[in-house]
Structures are given as C-alpha cells and as structure tokens.
Undergrad: 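Before anything else, here's the structure in question.
All values below were derived from every heavy atom in this structure, side-chain atoms included, with hydrogens, water molecules and symmetry-related copies excluded. Every chain is numbered from 1, with letters handed out A, B, ... down the list of sequences. Note that the structure is predicted; figures quoted are calculated from it, not measured.
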Amino acid sequence: MGESPQAVRAWVREKLIREAGENGPPATMAAAAEHILRPLSAHLARLVGDAGFEALLARAVALARREVPALCADPGGGQEGLVQCLREMEGEHVCGSATAVVTALVDLLASFVGVDLATSLLREAWPDLPEMGDGAERAGDT
Amino acid sequence: MSNGEKVTIRKLPTGVPGLDEVLGGGIPEYSFNLIAGGPGSGKTTLAHQILFANATVERPALYFTVLGEPTLKMLRYQQQFRFFDLEKVGRCIHLLNLSQVVLEQDLSQVLASIARDVDAANPAFVVVDSFRTVTRAARPGEMELQSFVQRLALLLTSWQATSFLVGEYVESEMRDNPVLTVADGILFLTQAVERNSIVRKLQVVKMRGQAPVPGLHVFRITDDGLQVFPRLHVRLPAVREAKEDQRLPTGIPGLDEMLGGGIPQGDAVLVAGPSGAGKSLLTTQFIAEGASRGEPGVIAIFEEQIGDYLANARTLGFDLDAMIRSGDVRIVYLRPLDLSVDETLYELQERAAAVSAKRVVVDSVAGFEMALAPTFREDFRESLYRLVGALTGGGMAVLLPTEVTESFLDLRFSPHLVSFLADDIILLRYVEIEGRLRRVIAVVKMRGSRHSHEIREFEITGSGLVVGEPLRGYRGILSGMPVPGDGLTQAPFPGLTDREMLVLRAVTDAEEPTVPELARLTALRRPALTLALDRLVALSYAVRVKEGDHLVYRRA
C-alpha cells in the first residue's frame, strides 16, 4: 500500500476524522467509514454488480492487511462485514484500517481500468475526490 | 391529408470503416438489432465502437452488462482500442450491471428494471451484453421469451432508442429463434480457423428498410477496432468498352515497339519469366516511366519489406524514394499471411485512389498467393480474378510478374494457370546459344490488339532493360535450346524419306496447316500426302490436332 496516492489517503483520513474526531470511538469511526463507502458501493454496484463490488472490497481488505495486520483476515459480508470488523477493533487501529481499505479499493480500481477512468468513475460517487497519481496503477504489486 | 411523402429513416454511422457500406448506408435509427456470433468474434468491440462513434451527452447510451465478461475487465480491455474515449464513459455512455436482477428475478422484472433505467436516462442508444445470458438465466418457455423480446423491442423503440442485443449465437441457432424474428437487423460475426490463420467474417443477415450488401465480408480487428472489407462487385470488362485505346509506354523502347506503343490502359499483363530474368526491372521501369509522364503508380509487394524493395530499385537505377516523396508512386506492403482478397483490394484501391493511379504492379502473383489465408488460397484463381478485375475495371493497367520454372521441354506462362485472366502476356526467357546463356523477350499475347511476334534479345544494363534486335537465324528459341537455321537442315531426322522431309518442312513453316493447305504447299497428291503425314505422326515428328471441324498439323 505504500504506493497508493498520498492525496487520496489524506482525503480519506481527513473525511474520517472530520466525522468521527481524531480519536473517535471505534463505532463512530466505523460509521464514518461506512458513510464514505456507501455512495461508492451504490455507484460501483450499478457498474459491476453487488457481487463484483464485494469481490473488489474483499481484495482491498486483503491488501490493506499488509499495512494494518490487525485488520480482520476475512470479514465477509461485504461492506456490512467490514464495518462490523472495524467496530470490533481496538481504537488506535480503526482510522488507519479504514483509510487503508478505502485507499486500497481506489488503488485497485485504478489498476484495472486506469487512473483516468477510475477517477472519472469514483468522482460520480465522491465529487470531491482529489487527483490520483501514477502510483495507483500498481496496486497489489507491493 | 396524404401528400405522398414517405418517412425518411436516418442512417447512423457505425464508426466501423467499411461497415456502413455493407449495411447499405448505416444503422437505421430506432432499429432493434442483434449482434450475434461465437466467443471472441468481436461482438462487444463492435457494440462499443458503434456507441463511441455516436453517443453524446445529449444523446447518451446505456450499456447493460449481464453475467458475461466482468465489467471492469471489459473496460480494462476495451480502452486499449483507439476509439475508446475515456471522457465519454460516465458522461455519454453509462454502464449498468443487470446481473443481479437477471439472477434473482424473472423476465418481467428484468424488463421493468431496464424500463426504469431507460426512463431515467432517456438514452438514444441501448446495448444489452450479453442478451443470451438474460434468456439463459431465466430459462423461459418459447412464448415467454417471445413476449419478453417483443416487449423489450417495443419499449426501446418507443423510447426512440437504437438498440443492440449482443449474444453468443451460432449459426445453427439462427432459425426459429424469437430474438431473430423480432430484430430489425442482425449482424452475424464468425471467425474460422484454418491451419494457422484466422479469418473473421461478417454477414448482415437482415437489415429492415434498406439493402445491405449480401454475402460474407471479411473484417479485421486492430488497435483501431473493427475494419470491414466489403466484398466488392468486380467491375467486369463492360466498363472497359468505353475506354479509349490509350497506351501506357513502358519506357523500354524496343518493348514499346513490340507492344504497339505500350500497354493498353485497363489491361492486365502477365510478365512471366524465371528468377533473375528481369521481371522486377521491367515492372519498375513501367512504374518509373509512368511517374515521369504524370501517370501515378502503385506497387503492391508481398515478399520483400518496403526498405528492401526500394534498395533493390536503387541498385537497378531507379529512385523510387523520390517518386514516393513526390506523390507519384505508392508502395503497399501486405504480408500478414491471413490476408483476404477484399483486404488486398481495399488497400490497393485506397492507395490507387490517393494518387489517381494509372499503373499498378502486383509483385508478385506467387507472393500474393502466399499472403492469402489458406481459405482464399484454395480458390486462388477466383481471388486473383476479382483483384485484377476490380483494378482493370477501374481503368488501371496491372502488371503481374510471375515466376515460372525454366523448362527446356515445355513452355509455361504461369504455374498458377492464371494466364486466362491476362489480356497480355510478356515472356522473358533464358536461352542457350553457342554455349552462352542469353535473355530473350516475346509478347506472346495481346488481347484484341496488334503486336509484334518477334522474339528479341535483351540485356540488363545500368539504365534498365534494353531490348535489342529480333533474334534471327534460330528456330525453337522459346524452347530454350534453339538451333541455327530453320531447325530442319542440320537436325537429324532418321527414317524419313525426302517426301516426308518435304511435308515436315511445310508443317514447320506454316502455322498449323490443314491437309488442303499442305497439299498446296507441297504439291503432293492426297494419298501420298496422307501417307507422309501418318508416318510423321507415328514417328512423333508431328502431331495431329482437331481444331473445330478441321484437322491441323503441328511440329511435335
């Protein structure tokens, strides 16, 4: 995950903290993560189907675990399963885990369809998404 | 009320080179079409190409994906094509996944889901890819499927959408299929593997309201997407009846004299000869002469790369590079080894049209054959006939150099038995005279045109091919092993009487004489003449051939 675009990472982290506070409780932080993921899952599911989105999310979690080993190995249940996993984590890891998963998801999408198209697709869900760099094309290679 | 005006159906461009021509002008607006074919035949690429050519923000497209290729992978691969405009995705072309609805609900729910999206987006174009999986997943009965397709067609047409169902159908399924009955247009794509080559073909099975070009049309998929090569109607010699008797000089003085001034415009000329005899030099000189006279030329090569070909021309004393730079000459290199005649024709006609070519060289007949996919090689004569017919029908003079194996026993103009399609035949040949190998040239045939019957010696010089005087004093030159004189005086003819020698000489001197002609030439009475002829035939000095109602005699 070290090659994920820093701007996206900072944007995700800022959104989480803005909603849940710097050291917000796990449940609040998990809810903030859910609020970020919900428009994305709704939008991407129209494109790739529910099963397609779940598959992408599962891979994003697996990639994020390289950065945050405390993250559940296989939360299952898609977005709900991930949120439940975040709720049950120790407070200090929740923000980092949520940031890592969302960033990995962005990264993963860009690795499949390229940065330009990924940005275009993601902006429909997140209009304020910042520009992504070239590093996004190398998700999963780390 | 009626003023007799009929509705005009707007034809939308497909964005696929060659396809609009095959369709009869384009895709009819508001039509409900099926793009069918096996896996990997190019269905999805075709649908994308049409959408990217047409969809705009004001006239958007909805692309429903269903259980087939995952959407992300489809986007990943399709964006490799040059027509794929990233800016259009999400703005002009909206991708929607129908898989879950199809898996979990029945066809009426699928239809309702499509209707909601169509209502919301108001698209001008709709694609369902793959429609086959919609019907497979729902496992409907025949009437249910018929009803679904009918209602879907009604919905999309009512919403003024031009729509495409993409489906994996094979030819055997094309009958009694409700989708095919309802569809206004059906495009069927196939790819046939033969030996190591693949030939892709497209057929417009139907296209309501217009007249598509019938038959199978070859297409190719490149980085630019699909390109269709319409099966051309060969313009037969009727077109040429109106041509003026204009000659195109070859730039080889002696040869032009033999040709009566040059090669007639619109003629196909077989330039036959063994390797190294001077075929390339002759054809290059023909092209160079054209360039100097403001008669542009096109050279199609199949065996050599363009760089090598130009280098060879330089060694022969011709600066084809300069002629290309000045726009007088175009060279097209074609050697994918799975070429079709239509593709070759397309390339040649494009180049020829670009320079208004009067002269074409297809170098060589054997190279063209080798470059063709096996399926076209099987009927090589038809392929060559169509190629030559289309080019000469357009008024171009086409030179076809063809290599023949030098034989000292017989005379062949082409190993391909294609001499029938040549209007003219120029033969180059090695002959052995007094222990030296020399080159000779002859104009063997010029259809409907007077020409020299001489056999002339020629040389290859630094300034090109130089044709000399007629080679006299020898007989049997084209056999490759001429003999001095008339061929009878010195040659031994054991077993012949003086009378038989007299008859043999008459057979040799006259052109396929009949018995009455021989009687006149020899002043022999019929019984003696018949006896002598029978002996000559029996001893294989002469052959008897039936020509129409007559028997004629030839030297064996």
Side-chain angles (χ1 to χ4, degrees), chain A residues 37-63 77-80 102-134 136-141, chain B residues 44 48 51-52 55 57 60-105 110 113-114 116-121 123 126-130 133-134 137:
Chain A
L37 283 172
R38 194 183 298 140
L40 181 64
S41 66
H43 179 67
L44 280 189
R46 279 173 66 77
L47 179 69
V48 300
D50 290 343
F53 180 74
E54 276 188 29
L56 282 176
L57 189 62
R59 174 63 178 157
V61 169
L63 290 168
Q79 187 180 308
E80 286 72 28
V102 176
T103 312
L105 190 59
V106 170
D107 230 0
L108 193 56
L109 190 62
S111 76
F112 283 122
V113 299
V115 171
D116 289 350
L117 188 52
T119 305
S120 161
L121 295 173
L122 292 169
R123 284 242 166 88
E124 291 182 41
W126 299 329
D128 54 341
L129 181 78
E131 287 296 331
M132 292 192 283
D134 292 342
E137 298 236 33
R138 293 187 291 274
D141 291 347
Chain B
T44 296
H48 275 225
L51 291 195
F52 278 95
V57 173
L62 281 188
Y63 197 107
F64 291 101
T65 57
V66 192
L67 292 175
E69 180 185 9
T71 312
L72 287 185
K73 286 182 104 176
M74 184 182 76
L75 288 172
R76 179 179 172 80
Y77 296 130
Q78 288 294 322
Q79 68 178 274
Q80 306 307 315
F81 290 110
R82 289 199 187 94
F83 64 75
F84 193 101
D85 181 358
L86 290 172
E87 294 288 315
K88 286 199 169 185
V89 180
R91 289 180 68 240
C92 314
I93 299 171
H94 305 279
L95 292 116
L96 298 169
N97 195 295
L98 268 183
S99 302
Q100 203 146 352
V101 186
V102 169
L103 279 175
E104 294 172 2
Q105 300 181 35
V110 173
S113 177
I114 292 174
R116 275 193 301 277
D117 289 319
V118 167
D119 186 21
V126 172
V127 173
V128 182
D129 183 5
S130 145
T133 54
V134 173

Undergrad: Relative to chain B, which of Asp116(A), Leu56(A), Leu117(A) shows the most heavy atom pairs under 4.5 Å?
TA: Leu117(A)
Undergrad: Ignoring hydrogens and geometry, is there a side-chain-to-backbone donor-acceptor pair from Arg123(A) to Leu129(A) under 3.5 Å?
TA: yes
Undergrad: More than 12 heavy atoms of other residues, nucleotides or ligands under 6.0 Å from CD of Glu87(B): yes or no?
TA: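 Open: at most 12 neighbouring heavy atoms sit under 6.0 Å from CD of Glu87(B).
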Undergrad: Given heavy-atom pairs under 4.5 angstrom as the criterion, report whether the side chain, backbone, both or neither of Ser99(B) touches chain A.
TA: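 For Ser99(B), neither part sits under 4.5 Å from chain A.
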Undergrad: Please walk me through it: do Leu95(B) and Met74(B) pass side-chain contact (heavy atoms from CB on, under 4.5 Å)?
TA: CA-CA 11 Å; Leu95(B) 292 116; Met74(B) 184 182 76; 3.4 Å; yes
Undergrad: When you compare the side chain of Leu40(A) with that of Trp126(A), does any pair of heavy atoms fall below 4.5 Å?
TA: yes
Undergrad: So what's closer than 4.5 Å to chain B heavy atoms on Ala45(A): side chain, backbone, both or neither?
TA: backbone
